[in-house]
There are 2 protein chains.
Amino acid sequence: MGARRTRVLELAVLGLLYETPLHGYGLRKRLNSELGVFRAFSYGSLYPCLKEMLRQGHISQHPEETGFGRRPRIVYRLTEAGHEHLHGMLADVTPAACDDECFGVYFALFGHARSDLRLRILHGRRDRLLSRLEELRSRPSHTADDYLRELRRHGAESVEREIHWLDELIAREQRSAAPSPPQPGSPG
Amino acid sequence: MGARRTRVLELAVLGLLYETPLHGYGLRKRLNSELGVFRAFSYGSLYPCLKEMLRQGHISQHPEETGFGRRPRIVYRLTEAGHEHLHGMLADVTPAACDDECFGVYFALFGHARSDLRLRILHGRRDRLLSRLEELRSRPSHTADDYLRELRRHGAESVEREIHWLDELIAREQRSAAPSPPQPGSPG
DNA sequence: GTTAGCATGTAAGGAGTTACATGATTTT
DNA sequence: AAAATCATGTAACTCCTTACATGCTAAC
């Protein structure tokens, strides 16, 4: 069985290894504590994913340089091909790819991304939420059920709120990106 | 192969057929327009699910009573066993079962549920959200990354809002539920 | 008379999960 | 010495999707 594709997980692993090399167990910990605000990954998916990424040459493995009595752990590190692959994935971000799960992972990479990529992801997410909102509104009283209507109302409100949040982030991003006034910005 | 379990989809189908018998195509339409506010199902999952439910005896199929030139559609209807199965599933609702996906489906059944079941589901969802909130707060500044912190802040705010929404629904439910003496459970 | 939508399916695959198996190391 | 947790995996399964196959029927 070749080629497990592991979309979200693969992206998350690429993102984490972009920061620093790490071994499997540590990866899972960071996956579930930092990225995994909205979801948790198990070893049963992580290790096969690493195996496949190795096979594709996106990561390489090295025995940990350890002291004396310690068994060396298997440390994974992003290869050049892995860097390219990550950039390729980010270059392909579309609204369709900005579902709840993926957006969290994309967002987690923001610290390392360039401003134009950040903006594209924020806009992609915004577009997607707008579609959802339209859908939610397109059947206003089709259902007689009060509970369903209330659920939909609350859903629409949440989506609106997230759109508003994105608008603020986008505005902030644009202010710090377009350096009209001579303002020495912060980090790149 | 046997026994596809199809949790969410099965639950949704049981719920829809609880209301009224329907054929596959119509089921999918209602799934995606009413329940599927948050997700869409495809025929490739629906029809095998129906097949399996048939095999288990939870639904039965009948050729539609049609007029003249019309080809009769295959109409599915909940059996006694199906009713029991649905009640069993609802009786087993725990906080763990109240994830984003399932909660929407549970909620969609509220119109047919008794008040105590509604309350149990609302509380189950609330408990689950509280756990998530605690998790979100348990690592406040563990990350130096501003973006991740902002993502988490917004996530926590959304969760708080939903909890508040649930609190209102619960209060409303309790007001309308038991101001009068305890009545022996009549079916809803 | 051809597109669009109704209607019912199957086969293969995707992206994970749970449960299992095993052993090393650290903490109590 | 026992329990916890670190660490690395595999096998079987789940639940759903996409793509495919097929034919009917209504609308333009």
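Quick note on labels: first sequence line is chain A, next is B, and so on, each numbered from 1. The basis for the numbers below is simple: all heavy atoms, side chains too, and nothing from hydrogens, waters or symmetry mates.
- Residues passing the salt bridge (charged side-chain N to carboxylate O under 4.0 Å, His left out) test with B:R126, sequence neighbours excluded: B:D167.
- Checked against C:dA15, C:dC6, D:dT10, the side chain of A:R7 finds its nearest nucleotide in C:dA15.
- An end-to-end axis angle of 30° holds for the helix from C:dG1-D:dC28 to C:dT28-D:dA1, taken from five base pairs per end and rounded to 10°.
- A straight line from CD1 of A:I74 to P of C:dG23 spans 16 Å, rounded to a whole angstrom.
- Between A:S42 and C:dT17 there is a side-chain polar atom (N or O) within less than 4.0 angstrom of OP1 or OP2.
- Here D:dC16 presents its P atom at 16 Å from CG of A:D99, a figure rounded to the nearest Å.
- For A:R70, counting side-chain heavy atoms from C-beta on, the closest listed nucleotide (C:dA7, C:dT26, C:dG16) is C:dT26.
- The nearest whole Å value for the distance from the CD atom in A:E52 to the P atom in D:dT10 is 13 Å.
- Residue A:Q61 contributes atom CD, which lies 16 Å from atom P of D:dA7 at whole-angstrom precision.
- Note on A:S45: a side-chain N or O is less than 4.0 Å away from OP1 or OP2 of C:dT17.
- Atom C1' of nucleotide D:dA11 and atom OH of A:Y47 are separated by 17 Å, given to the nearest angstrom.
- Residues that satisfy the side-chain hydrogen bond (donor to acceptor under 3.5 Å, both in side chains) test with A:D127, not counting sequence neighbours, are absent from this structure.
- For B:D92, there are no salt bridge (charged side-chain N to carboxylate O under 4.0 Å, His left out) partners at least two apart in sequence or on another chain.
- Scanning for side chain to side chain contact (heavy atoms under 4.5 Å, CB included) contacts around A:R71 gives an empty result, with sequence neighbours left out.
- As a whole-Å value, the separation of B:L46 CG from C:dA7 C1' is 11 Å.
- Under the side-chain hydrogen bond (donor to acceptor under 3.5 Å, both in side chains) criterion, A:S60 pairs with A:H62, not counting sequence neighbours.
- Closest to the side chain of A:F41, from the set C:dG16, D:dG9, C:dT26, is C:dG16.
- The side chain to side chain contact (heavy atoms under 4.5 Å, CB included) search around A:I59 returns A:L17, A:L50, A:M53, A:L54, A:Y76, A:L78, not counting sequence neighbours.
- Comment: A:E134 does not engage A:R137 in a salt bridge, judged by the lack of any side-chain N to carboxylate O separation of less than 4.0 angstrom.
- Annotation: salt bridge (charged side-chain N to carboxylate O under 4.0 Å, His left out) contacts of B:R73 (sequence neighbours excluded): B:E64.
- Residues from residues 21-28 of chain A that place a heavy atom under 4.0 Å from any atom of DNA chain D, listed by number: A:H23, A:G24, A:Y25.
- Candidate nucleotides D:dG9, C:dT18, D:dC16 were compared by shortest atom distance to the side chain of B:V8, and D:dC16 ranks first.
- Every residue two or more places apart in sequence or in another chain was checked for a salt bridge (charged side-chain N to carboxylate O under 4.0 Å, His left out) with B:R28, and none qualifies.
- The NZ atom of A:K51 sits 16 Å away from the C1' atom of C:dG16 (whole-angstrom rounding).
- Taking atom CD on A:E64 and atom P on C:dA24, their separation rounds to 17 Å, with Å as the unit.
- Checked against the 6.0 Å centroid criterion, the rings of A:F103 and A:Y106 do not qualify as a close aromatic pair.
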Can you check nucleotides 19-23 of chain D for protein contacts, nitrogen or oxygen pairs under 3.5 Å, and list what you find?
residue	atom	partner	partner atom	Å
D:dG23	N2	B:R71	NH2	3.4

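- The backbone N or O of B:L136 sits nowhere less than 3.5 Å from a side-chain atom of B:R152 that would complete a donor-acceptor pair.
- The ring pair (Phe, Tyr, Trp, His ring centres under 6.0 Å) check on A:Y47 picks up A:Y43, with sequence neighbours excluded.
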